[in-house]
Protein chains: 2
Amino acid sequence: MEQTYQQPLVMVDTALFTILDERLCLLLARRREPPFEGVLALPGGFVHIEEDLDTTMAARRVIRGKLGIDAPYLEQLFTFSGPARDPRGWSISVAYYALIPADLLTQSQAVEAVPVETLPTLPFDHRQIVDQAIERLRGKATYSSLPAFLLPAEFTMNDLHRIYQQTIGTRLDQASFRHKILEQDIIEPIPDRFRGGAHRPAQLYRLTSRALTPFERKI
Amino acid sequence: MEQTYQQPLVMVDTALFTILDERLCLLLARRREPPFEGVLALPGGFVHIEEDLDTTMAARRVIRGKLGIDAPYLEQLFTFSGPARDPRGWSISVAYYALIPADLLTQSQAVEAVPVETLPTLPFDHRQIVDQAIERLRGKATYSSLPAFLLPAEFTMNDLHRIYQQTIGTRLDQASFRHKILEQDIIEPIPDRFRGGAHRPAQLYRLTSRALTPFERKI
DNA sequence: TGAATAGTGTCTTTAAGACACTATTCA
DNA sequence: TGAATAGTGTCTTAAAGACACTATTCA
(Lines give C-alpha, C1' and ligand atoms only; values in the text may rest on other atoms or scores of the structure.)
Protein backbone atom coordinates (compact mmCIF):
# COMPACT_ATOMS: atom_id res chain seq x y z
CA MET A 1 0.00 0.00 0.00
CA GLU A 2 1.22 3.49 -0.84
CA GLN A 3 0.26 4.91 2.55
CA THR A 4 2.76 2.80 4.44
CA TYR A 5 5.83 4.54 3.03
CA GLN A 6 7.89 6.18 5.74
CA GLN A 7 7.00 9.87 5.77
CA PRO A 8 9.39 12.85 6.02
CA LEU A 9 9.40 15.30 8.94
CA VAL A 10 7.26 18.31 8.03
CA MET A 11 7.98 21.77 9.37
CA VAL A 12 7.54 25.44 8.54
CA ASP A 13 10.19 28.16 8.74
CA THR A 14 9.56 31.91 8.59
CA ALA A 15 11.73 34.77 7.35
CA LEU A 16 10.40 37.85 9.15
CA PHE A 17 11.44 41.24 7.74
CA THR A 18 11.28 44.65 9.29
CA ILE A 19 12.90 48.05 8.74
CA LEU A 20 14.98 49.38 11.64
CA ASP A 21 17.19 52.49 11.40
CA GLU A 22 16.52 52.75 7.66
CA ARG A 23 17.83 49.19 7.13
CA LEU A 24 16.16 45.95 6.11
CA CYS A 25 16.42 43.54 9.05
CA LEU A 26 15.54 39.92 9.72
CA LEU A 27 14.03 38.75 13.03
CA LEU A 28 15.95 35.73 14.34
CA ALA A 29 15.14 33.55 17.35
CA ARG A 30 17.57 31.74 19.59
CA ARG A 31 16.83 27.99 19.40
CA ARG A 32 15.72 26.50 22.71
CA GLU A 33 16.07 22.84 21.71
CA PRO A 34 18.59 20.66 19.88
CA PRO A 35 19.77 20.51 17.23
CA PHE A 36 21.64 23.86 17.20
CA GLU A 37 20.39 24.74 20.69
CA GLY A 38 21.27 28.35 21.57
CA VAL A 39 21.93 29.34 17.95
CA LEU A 40 20.13 32.19 16.14
CA ALA A 41 17.82 30.77 13.45
CA LEU A 42 14.63 31.47 11.54
CA PRO A 43 11.56 30.98 13.72
CA GLY A 44 10.01 27.65 12.79
CA GLY A 45 8.53 24.42 14.02
CA PHE A 46 6.83 21.19 13.12
CA VAL A 47 3.38 21.16 11.59
CA HIS A 48 0.84 20.01 14.19
CA ILE A 49 -1.83 18.15 12.29
CA GLU A 50 -4.23 18.16 15.25
CA GLU A 51 -4.35 21.95 15.41
CA ASP A 52 -3.07 23.44 12.13
CA LEU A 53 -5.57 23.69 9.26
CA ASP A 54 -2.75 24.01 6.72
CA THR A 55 0.91 25.05 6.61
CA THR A 56 -0.03 28.75 6.46
CA MET A 57 -1.84 28.36 9.77
CA ALA A 58 1.23 26.60 11.17
CA ALA A 59 3.36 29.59 10.09
CA ARG A 60 0.89 32.00 11.69
CA ARG A 61 1.04 29.97 14.92
CA VAL A 62 4.86 30.14 14.89
CA ILE A 63 4.80 33.93 14.35
CA ARG A 64 2.22 34.48 17.05
CA GLY A 65 4.34 32.34 19.39
CA LYS A 66 7.44 34.50 18.83
CA LEU A 67 5.95 37.97 18.39
CA GLY A 68 2.52 37.73 19.98
CA ILE A 69 1.02 39.36 16.88
CA ASP A 70 -0.13 38.47 13.36
CA ALA A 71 1.97 39.65 10.43
CA PRO A 72 0.15 42.15 8.14
CA TYR A 73 1.71 40.35 5.19
CA LEU A 74 2.52 36.62 5.03
CA GLU A 75 3.30 34.64 1.89
CA GLN A 76 4.46 31.12 1.11
CA LEU A 77 7.97 31.27 -0.37
CA PHE A 78 9.23 27.81 -1.36
CA THR A 79 9.42 24.27 -0.05
CA PHE A 80 12.85 22.95 0.86
CA SER A 81 13.46 19.23 1.29
CA GLY A 82 16.01 16.44 1.46
CA PRO A 83 17.75 13.92 3.72
CA ALA A 84 20.53 16.26 4.85
CA ARG A 85 19.00 19.67 5.57
CA ASP A 86 18.04 18.62 9.14
CA PRO A 87 20.12 16.15 11.20
CA ARG A 88 16.93 14.57 12.56
CA GLY A 89 16.20 12.98 9.18
CA TRP A 90 14.60 13.41 5.75
CA SER A 91 12.60 16.58 6.12
CA ILE A 92 10.40 19.07 4.33
CA SER A 93 10.24 22.70 5.31
CA VAL A 94 7.55 24.91 3.83
CA ALA A 95 9.18 28.34 4.05
CA TYR A 96 7.21 31.58 4.46
CA TYR A 97 8.21 35.20 4.56
CA ALA A 98 6.40 37.99 6.35
CA LEU A 99 6.66 41.77 6.74
CA ILE A 100 6.46 43.26 10.22
CA PRO A 101 6.09 47.05 10.66
CA ALA A 102 8.66 48.26 13.17
CA ASP A 103 6.00 49.85 15.40
CA LEU A 104 4.60 46.38 16.18
CA LEU A 105 7.92 45.21 17.65
CA THR A 106 8.44 45.36 21.42
CA GLN A 107 11.33 44.55 23.71
CA SER A 108 9.52 41.58 25.20
CA GLN A 109 9.45 39.60 21.98
CA ALA A 110 11.72 36.56 21.76
CA VAL A 111 13.53 37.69 18.62
CA GLU A 112 16.59 39.71 17.61
CA ALA A 113 16.57 42.08 14.64
CA VAL A 114 19.69 41.72 12.47
CA PRO A 115 20.40 43.77 9.31
CA VAL A 116 20.35 41.46 6.28
CA GLU A 117 23.84 42.66 5.33
CA THR A 118 25.38 41.36 8.57
CA LEU A 119 23.59 38.08 9.19
CA PRO A 120 25.35 35.51 11.37
CA THR A 121 25.93 31.96 10.11
CA LEU A 122 22.53 30.30 10.12
CA PRO A 123 21.83 26.61 10.83
CA PHE A 124 20.11 24.13 8.50
CA ASP A 125 19.51 25.63 5.03
CA HIS A 126 18.20 28.85 6.56
CA ARG A 127 20.68 30.98 4.65
CA GLN A 128 19.26 29.69 1.40
CA ILE A 129 15.73 30.42 2.60
CA VAL A 130 16.71 33.98 3.54
CA ASP A 131 18.43 34.63 0.21
CA GLN A 132 15.41 33.42 -1.69
CA ALA A 133 13.08 35.49 0.52
CA ILE A 134 15.10 38.67 -0.13
CA GLU A 135 15.04 37.98 -3.85
CA ARG A 136 11.26 37.55 -3.79
CA LEU A 137 10.84 40.68 -1.67
CA ARG A 138 12.94 42.80 -4.04
CA GLY A 139 11.21 41.36 -7.08
CA LYS A 140 7.71 42.06 -5.81
CA ALA A 141 8.62 45.50 -4.49
CA THR A 142 9.03 46.84 -8.03
CA TYR A 143 5.61 45.67 -9.13
CA SER A 144 3.32 45.96 -6.11
CA SER A 145 2.34 47.69 -2.90
CA LEU A 146 4.41 45.14 -0.93
CA PRO A 147 6.89 47.56 0.74
CA ALA A 148 3.98 49.52 2.25
CA PHE A 149 3.36 46.58 4.59
CA LEU A 150 6.63 47.43 6.34
CA LEU A 151 5.15 50.78 7.41
CA PRO A 152 2.75 51.61 10.24
CA ALA A 153 -0.90 52.21 9.34
CA GLU A 154 -0.27 55.95 8.84
CA PHE A 155 2.71 57.22 6.89
CA THR A 156 3.89 60.11 4.74
CA MET A 157 4.74 59.99 1.05
CA ASN A 158 8.42 60.30 1.96
CA ASP A 159 8.19 57.37 4.41
CA LEU A 160 6.84 55.32 1.51
CA HIS A 161 9.50 56.63 -0.85
CA ARG A 162 12.28 55.66 1.56
CA ILE A 163 10.86 52.19 2.23
CA TYR A 164 10.61 51.46 -1.48
CA GLN A 165 14.21 52.51 -1.97
CA GLN A 166 15.37 50.36 0.94
CA THR A 167 13.58 47.23 -0.22
CA ILE A 168 14.41 47.62 -3.91
CA GLY A 169 17.93 48.77 -3.13
CA THR A 170 18.13 51.63 -5.67
CA ARG A 171 17.47 55.37 -5.70
CA LEU A 172 14.08 56.43 -7.10
CA ASP A 173 13.38 59.98 -8.29
CA GLN A 174 11.17 61.60 -5.66
CA ALA A 175 8.84 63.42 -8.04
CA SER A 176 8.39 60.48 -10.39
CA PHE A 177 7.75 58.18 -7.44
CA ARG A 178 4.93 60.43 -6.22
CA HIS A 179 3.35 60.61 -9.67
CA LYS A 180 3.42 56.87 -10.12
CA ILE A 181 2.24 55.89 -6.63
CA LEU A 182 -0.73 58.25 -6.88
CA GLU A 183 -1.64 56.78 -10.28
CA GLN A 184 -1.73 53.31 -8.73
CA ASP A 185 -4.45 54.25 -6.21
CA ILE A 186 -2.92 52.09 -3.51
CA ILE A 187 -2.94 54.86 -0.91
CA GLU A 188 -5.31 57.67 0.09
CA PRO A 189 -4.70 60.85 2.12
CA ILE A 190 -6.17 60.76 5.62
CA PRO A 191 -8.33 63.92 5.87
CA ASP A 192 -6.77 66.66 8.00
CA ARG A 193 -3.92 64.45 9.26
CA PHE A 194 -0.40 65.85 8.86
CA ARG A 195 2.99 65.20 10.40
CA GLY A 196 5.19 68.22 11.12
CA GLY A 197 8.75 69.14 12.10
CA ALA A 198 10.81 72.25 11.48
CA HIS A 199 9.46 72.33 7.96
CA ARG A 200 6.28 72.07 5.94
CA PRO A 201 3.95 69.41 7.43
CA ALA A 202 3.48 66.25 5.36
CA GLN A 203 0.13 64.74 4.44
CA LEU A 204 -0.46 61.38 6.16
CA TYR A 205 -1.65 58.51 3.96
CA ARG A 206 -3.06 55.03 4.55
CA LEU A 207 -3.39 51.97 2.30
CA THR A 208 -6.69 51.80 0.40
CA SER A 209 -6.65 48.00 0.69
CA ARG A 210 -5.31 45.58 3.29
CA ALA A 211 -4.36 43.20 0.48
CA LEU A 212 -1.30 43.30 -1.77
CA THR A 213 -1.98 45.23 -4.99
CA PRO A 214 0.09 44.31 -8.06
CA PHE A 215 0.98 47.14 -10.50
CA GLU A 216 0.70 47.03 -14.27
CA ARG A 217 4.15 48.57 -14.61
CA LYS A 218 7.12 49.13 -12.38
CA ILE A 219 7.49 51.87 -9.83
CA MET B 1 10.18 15.49 22.00
CA GLU B 2 9.31 17.46 18.90
CA GLN B 3 10.02 14.55 16.55
CA THR B 4 7.20 12.43 17.93
CA TYR B 5 4.39 14.61 16.51
CA GLN B 6 2.28 12.71 14.04
CA GLN B 7 3.48 13.65 10.56
CA PRO B 8 1.35 14.48 7.50
CA LEU B 9 1.35 12.42 4.31
CA VAL B 10 3.80 13.96 1.84
CA MET B 11 3.30 13.75 -1.91
CA VAL B 12 4.13 15.54 -5.15
CA ASP B 13 1.70 16.38 -7.98
CA THR B 14 2.67 17.56 -11.45
CA ALA B 15 0.85 19.77 -13.96
CA LEU B 16 2.32 18.81 -17.33
CA PHE B 17 1.69 21.23 -20.21
CA THR B 18 2.06 20.72 -23.91
CA ILE B 19 0.79 22.39 -27.09
CA LEU B 20 -1.36 20.19 -29.36
CA ASP B 21 -3.25 21.51 -32.42
CA GLU B 22 -2.28 25.10 -31.46
CA ARG B 23 -3.90 24.67 -28.04
CA LEU B 24 -2.46 24.57 -24.53
CA CYS B 25 -3.13 21.08 -23.13
CA LEU B 26 -2.64 19.32 -19.82
CA LEU B 27 -1.46 15.71 -19.59
CA LEU B 28 -3.71 13.75 -17.22
CA ALA B 29 -3.28 10.18 -15.98
CA ARG B 30 -6.04 7.73 -15.07
CA ARG B 31 -5.61 6.76 -11.40
CA ARG B 32 -4.86 3.08 -10.87
CA GLU B 33 -5.48 3.00 -7.11
CA PRO B 34 -8.05 4.31 -4.67
CA PRO B 35 -9.05 6.93 -3.81
CA PHE B 36 -10.61 8.10 -7.12
CA GLU B 37 -9.52 4.91 -8.93
CA GLY B 38 -10.13 5.21 -12.68
CA VAL B 39 -10.46 9.01 -12.58
CA LEU B 40 -8.29 11.39 -14.64
CA ALA B 41 -5.95 13.32 -12.35
CA LEU B 42 -2.59 15.07 -12.24
CA PRO B 43 0.29 12.56 -12.22
CA GLY B 44 1.59 12.35 -8.66
CA GLY B 45 2.68 10.12 -5.84
CA PHE B 46 4.16 9.90 -2.39
CA VAL B 47 7.68 11.05 -1.70
CA HIS B 48 9.94 8.02 -1.20
CA ILE B 49 12.55 9.05 1.32
CA GLU B 50 14.74 6.02 0.58
CA GLU B 51 15.19 6.95 -3.08
CA ASP B 52 14.25 10.64 -3.60
CA LEU B 53 16.95 13.22 -2.82
CA ASP B 54 14.34 15.97 -2.56
CA THR B 55 10.81 16.70 -3.76
CA THR B 56 12.08 17.84 -7.18
CA MET B 57 13.61 14.40 -7.66
CA ALA B 58 10.32 12.84 -6.61
CA ALA B 59 8.54 14.92 -9.27
CA ARG B 60 11.11 13.86 -11.88
CA ARG B 61 10.56 10.21 -10.90
CA VAL B 62 6.78 10.63 -11.32
CA ILE B 63 7.20 12.23 -14.76
CA ARG B 64 9.64 9.59 -15.92
CA GLY B 65 7.18 6.93 -14.71
CA LYS B 66 4.34 8.36 -16.79
CA LEU B 67 6.17 9.65 -19.87
CA GLY B 68 9.46 7.74 -19.89
CA ILE B 69 11.31 11.05 -20.43
CA ASP B 70 12.59 14.05 -18.47
CA ALA B 71 10.79 17.37 -18.87
CA PRO B 72 12.97 20.10 -20.46
CA TYR B 73 11.47 22.54 -17.97
CA LEU B 74 10.32 21.69 -14.43
CA GLU B 75 9.58 24.18 -11.65
CA GLN B 76 8.16 24.01 -8.17
CA LEU B 77 4.79 25.76 -8.09
CA PHE B 78 3.30 25.82 -4.59
CA THR B 79 2.70 23.57 -1.62
CA PHE B 80 -0.89 22.64 -0.84
CA SER B 81 -1.84 21.19 2.53
CA GLY B 82 -4.63 20.44 4.96
CA PRO B 83 -6.71 17.74 6.58
CA ALA B 84 -9.37 17.57 3.86
CA ARG B 85 -7.60 17.75 0.49
CA ASP B 86 -6.97 13.96 0.49
CA PRO B 87 -9.39 11.45 2.11
CA ARG B 88 -6.44 9.42 3.42
CA GLY B 89 -5.63 12.10 5.99
CA TRP B 90 -3.79 15.37 6.70
CA SER B 91 -1.54 15.76 3.69
CA ILE B 92 1.00 18.00 1.99
CA SER B 93 1.40 18.09 -1.76
CA VAL B 94 4.38 19.89 -3.24
CA ALA B 95 3.03 20.83 -6.68
CA TYR B 96 5.26 21.19 -9.76
CA TYR B 97 4.59 22.24 -13.30
CA ALA B 98 6.51 21.17 -16.37
CA LEU B 99 6.57 21.92 -20.09
CA ILE B 100 6.64 19.00 -22.53
CA PRO B 101 7.35 19.66 -26.25
CA ALA B 102 4.72 17.83 -28.32
CA ASP B 103 7.37 15.93 -30.30
CA LEU B 104 8.40 14.06 -27.13
CA LEU B 105 4.90 12.61 -26.71
CA THR B 106 4.16 9.11 -27.99
CA GLN B 107 1.05 6.95 -28.10
CA SER B 108 2.48 4.50 -25.57
CA GLN B 109 2.59 7.01 -22.73
CA ALA B 110 0.09 6.55 -19.89
CA VAL B 111 -1.41 10.03 -20.18
CA GLU B 112 -4.21 11.85 -22.03
CA ALA B 113 -3.77 15.36 -23.40
CA VAL B 114 -6.77 17.58 -22.63
CA PRO B 115 -7.08 21.26 -23.70
CA VAL B 116 -7.04 23.48 -20.61
CA GLU B 117 -10.36 25.04 -21.69
CA THR B 118 -12.21 21.72 -21.51
CA LEU B 119 -10.75 20.00 -18.45
CA PRO B 120 -12.87 17.35 -16.76
CA THR B 121 -13.69 17.56 -13.05
CA LEU B 122 -10.46 16.76 -11.22
CA PRO B 123 -10.13 14.97 -7.87
CA PHE B 124 -8.48 16.31 -4.71
CA ASP B 125 -7.56 20.01 -5.06
CA HIS B 126 -6.07 19.38 -8.51
CA ARG B 127 -8.23 22.04 -10.14
CA GLN B 128 -6.70 24.64 -7.85
CA ILE B 129 -3.20 23.38 -8.67
CA VAL B 130 -3.92 23.61 -12.40
CA ASP B 131 -5.36 27.12 -12.15
CA GLN B 132 -2.33 28.32 -10.24
CA ALA B 133 0.03 26.61 -12.70
CA ILE B 134 -1.65 28.32 -15.68
CA GLU B 135 -1.43 31.66 -13.90
CA ARG B 136 2.30 31.15 -13.28
CA LEU B 137 2.86 30.00 -16.86
CA ARG B 138 1.13 33.06 -18.32
CA GLY B 139 2.91 35.36 -15.91
CA LYS B 140 6.37 34.06 -16.74
CA ALA B 141 5.69 33.87 -20.47
CA THR B 142 5.66 37.67 -20.72
CA TYR B 143 9.02 38.08 -19.03
CA SER B 144 11.11 35.07 -20.07
CA SER B 145 12.03 32.43 -22.59
CA LEU B 146 9.62 29.99 -20.89
CA PRO B 147 7.26 29.32 -23.85
CA ALA B 148 10.23 28.19 -25.97
CA PHE B 149 10.41 25.04 -23.82
CA LEU B 150 7.13 23.91 -25.36
CA LEU B 151 8.84 23.72 -28.77
CA PRO B 152 11.11 21.05 -30.23
CA ALA B 153 14.85 21.76 -30.27
CA GLU B 154 14.60 23.38 -33.73
CA PHE B 155 11.88 25.87 -34.57
CA THR B 156 11.12 28.84 -36.78
CA MET B 157 10.51 32.40 -35.64
CA ASN B 158 6.84 31.96 -36.46
CA ASP B 159 6.63 28.78 -34.36
CA LEU B 160 7.97 30.81 -31.46
CA HIS B 161 5.61 33.69 -32.20
CA ARG B 162 2.60 31.37 -32.17
CA ILE B 163 3.63 29.60 -28.96
CA TYR B 164 4.06 32.91 -27.15
CA GLN B 165 0.61 34.00 -28.28
CA GLN B 166 -0.92 30.71 -27.17
CA THR B 167 0.63 30.75 -23.72
CA ILE B 168 0.10 34.47 -23.05
CA GLY B 169 -3.35 34.38 -24.62
CA THR B 170 -3.11 37.65 -26.59
CA ARG B 171 -2.10 38.70 -30.10
CA LEU B 172 1.47 40.01 -30.48
CA ASP B 173 2.56 42.09 -33.46
CA GLN B 174 4.73 39.86 -35.64
CA ALA B 175 7.39 42.44 -36.52
CA SER B 176 7.72 43.79 -32.96
CA PHE B 177 7.92 40.26 -31.63
CA ARG B 178 10.85 39.48 -33.94
CA HIS B 179 12.69 42.69 -32.97
CA LYS B 180 12.31 42.04 -29.27
CA ILE B 181 13.13 38.32 -29.31
CA LEU B 182 16.31 38.97 -31.28
CA GLU B 183 17.33 41.70 -28.81
CA GLN B 184 17.00 39.21 -25.95
CA ASP B 185 19.61 36.85 -27.42
CA ILE B 186 17.70 33.79 -26.26
CA ILE B 187 17.80 32.10 -29.66
CA GLU B 188 20.34 31.74 -32.46
CA PRO B 189 19.89 30.77 -36.11
CA ILE B 190 21.10 27.28 -36.98
CA PRO B 191 23.50 27.75 -39.93
CA ASP B 192 22.06 26.65 -43.29
CA ARG B 193 18.94 25.07 -41.74
CA PHE B 194 15.60 26.16 -43.17
CA ARG B 195 12.08 24.83 -43.22
CA GLY B 196 10.11 25.18 -46.46
CA GLY B 197 6.62 24.84 -47.83
CA ALA B 198 4.86 26.46 -50.75
CA HIS B 199 6.48 29.71 -49.72
CA ARG B 200 9.73 31.33 -48.68
CA PRO B 201 11.72 28.93 -46.45
CA ALA B 202 12.04 29.97 -42.80
CA GLN B 203 15.28 30.11 -40.86
CA LEU B 204 15.45 27.46 -38.12
CA TYR B 205 16.53 28.62 -34.66
CA ARG B 206 17.55 26.95 -31.40
CA LEU B 207 17.76 28.18 -27.80
CA THR B 208 21.14 29.65 -26.86
CA SER B 209 20.74 28.27 -23.32
CA ARG B 210 19.02 25.21 -21.90
CA ALA B 211 18.04 27.30 -18.86
CA LEU B 212 15.17 29.74 -18.50
CA THR B 213 16.22 33.32 -19.35
CA PRO B 214 14.32 36.18 -17.70
CA PHE B 215 13.85 39.39 -19.74
CA GLU B 216 14.38 42.93 -18.48
CA ARG B 217 11.13 44.01 -20.07
CA LYS B 218 8.09 42.33 -21.47
CA ILE B 219 7.79 40.73 -24.86
C1' DT C 1 1.63 35.50 -62.19
C1' DG C 2 -0.32 35.39 -57.21
C1' DA C 3 -0.81 32.99 -52.96
C1' DA C 4 1.55 32.12 -48.94
C1' DT C 5 4.74 32.73 -45.39
C1' DA C 6 9.31 35.12 -44.16
C1' DG C 7 11.47 39.08 -42.88
C1' DT C 8 12.82 44.56 -42.50
C1' DG C 9 12.49 49.58 -41.63
C1' DT C 10 10.31 53.16 -39.44
C1' DC C 11 6.63 55.81 -37.24
C1' DT C 12 3.47 56.62 -33.19
C1' DT C 13 2.23 56.15 -28.56
C1' DT C 14 3.13 55.72 -23.87
C1' DA C 15 5.76 54.70 -19.96
C1' DA C 16 9.98 55.73 -17.21
C1' DG C 17 12.94 58.87 -15.52
C1' DA C 18 15.17 63.51 -14.92
C1' DC C 19 14.88 68.06 -13.48
C1' DA C 20 13.52 72.69 -12.42
C1' DC C 21 10.57 74.84 -9.88
C1' DT C 22 7.07 76.42 -6.10
C1' DA C 23 5.06 75.75 -1.07
C1' DT C 24 4.97 75.79 3.87
C1' DT C 25 6.72 75.40 8.17
C1' DC C 26 10.08 76.65 12.17
C1' DA C 27 14.24 78.64 14.11
C1' DT D 1 15.52 85.49 6.36
C1' DG D 2 17.15 80.58 5.16
C1' DA D 3 17.18 75.76 6.24
C1' DA D 4 14.50 71.85 5.73
C1' DT D 5 11.16 68.93 3.93
C1' DA D 6 6.75 68.83 1.00
C1' DG D 7 4.82 68.92 -3.30
C1' DT D 8 3.94 70.24 -8.71
C1' DG D 9 4.64 70.81 -13.73
C1' DT D 10 7.01 69.59 -17.64
C1' DC D 11 10.74 67.93 -20.57
C1' DT D 12 13.69 63.98 -22.31
C1' DT D 13 14.53 59.33 -23.26
C1' DA D 14 13.44 54.79 -24.19
C1' DA D 15 10.36 51.02 -24.53
C1' DA D 16 6.09 49.02 -26.55
C1' DG D 17 3.34 48.59 -30.21
C1' DA D 18 1.48 49.56 -34.99
C1' DC D 19 2.07 49.48 -39.73
C1' DA D 20 3.74 49.63 -44.37
C1' DC D 21 6.72 47.57 -46.96
C1' DT D 22 10.07 44.08 -49.35
C1' DA D 23 11.70 38.95 -50.04
C1' DT D 24 11.47 34.22 -51.50
C1' DT D 25 9.40 30.18 -52.49
C1' DC D 26 5.95 26.97 -55.10
C1' DA D 27 1.89 26.03 -57.83
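All chains are named by letter (A, B, ...) in the order of the sequence lines, taking the proteins before the strands, and each is independently numbered beginning at 1.
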5'-most by nearest nucleotide on DNA chain D - Glu216(B) or Pro201(B):
Glu216(B)
Strictly by Watson-Crick or wobble contacts shorter than 3.5 Å, is anything paired with dA20(C), and which nucleotide is it?
dT8(D)
Please classify the nucleic acid contact of Arg178(B) as base, sugar-phosphate, or nothing, using heavy-atom distances under 4.0 Å.
base
May I ask you to check whether Thr167(B) and Arg138(B) show a side-chain donor-acceptor distance below 3.5 Å?
no
So which one's nearest nucleotide on DNA chain C is more toward 5', Gln203(B) or His199(B)?
His199(B)
Name the pairing partner of dC26(D), where a pair is Watson-Crick or G-U wobble with both distances under 3.5 Å, or state none.
dG2(C)
Quickly work out the Leu172(A) CG to dC19(C) C1' distance and round it to whole Å.
16 Å
Round to a whole Å and report the spacing from CG of Leu204(B) to P of dT5(C).
17 Å
Distance alone, cut at 3.5 Å: any donor-acceptor contact between the side chains of Thr56(A) and Tyr96(A)?
yes
How close or far is atom P of dG7(C) from atom CG of Asp159(B), stated in whole angstroms?
11 Å
Gln184(A) atom CD is separated from dA15(C) atom P, nearest whole Å, by 11 Å
Options dA16(C), dA16(D), dA18(C), nucleotide nearest the side-chain atoms of Arg217(B):
dA16(D)
Tell me which of Asp173(B) and Thr156(B) sits closer to the 5' end of DNA chain C, going by the nucleotide each one is nearest to.
Thr156(B)
Reckon Gly197(B) touches a base, only the sugar-phosphate, or nothing at all at heavy-atom distances under 4.0 Å?
sugar-phosphate
Are Arg61(B) and Asp52(B) within salt-bridge range, i.e. N to O under 4.0 Å?
yes
Taken to the nearest whole Å, OH/Tyr164(A) to P/dA16(C) is 13 Å
Flag for Glu75(B)-Tyr73(B): side-chain donor and acceptor within less than 3.5 Å
yes
If you check every side-chain atom of Ala175(A), which of dG17(D), dA20(D), dG9(D) has the closest atom?
dG9(D)
Nearest-angstrom distance from the residue atom CZ of Arg195(A) to C1' of dT25(C)
15 Å
Give the rounded distance in Å between these two atoms: CD of Gln174(A) and C1' of dA16(C).
16 Å
Hey, does Ile219(A) reach any base, or is it just sugar-phosphate, or nothing, if we go heavy atoms under 4.0 Å?
sugar-phosphate
With both distances under 3.5 angstrom, what nucleotide forms a Watson-Crick or G-U wobble pair with dA15(D)?
dT13(C)
Do Ser176(B) and dA16(D) share a donor-acceptor pair, side chain to base, under 3.5 Å?
no
Should the ring pair Tyr164(A) and Phe215(A) be called parallel, tilted or perpendicular, given that the plane angle runs from 0 to 90° and is split at 30 and 60?
parallel
Less than 4.0 angstrom from a charged side-chain N to a carboxylate O is my criterion; do Asp70(B) and Arg60(B) meet it?
no
Please give, in whole Å, the distance from dA18(D) C1' to His179(B) NE2?
10 Å
Taking only side-chain nitrogens and oxygens of Arg200(B), does any of them come within less than 4.0 Å of OP1 or OP2 of dA23(D)?
no
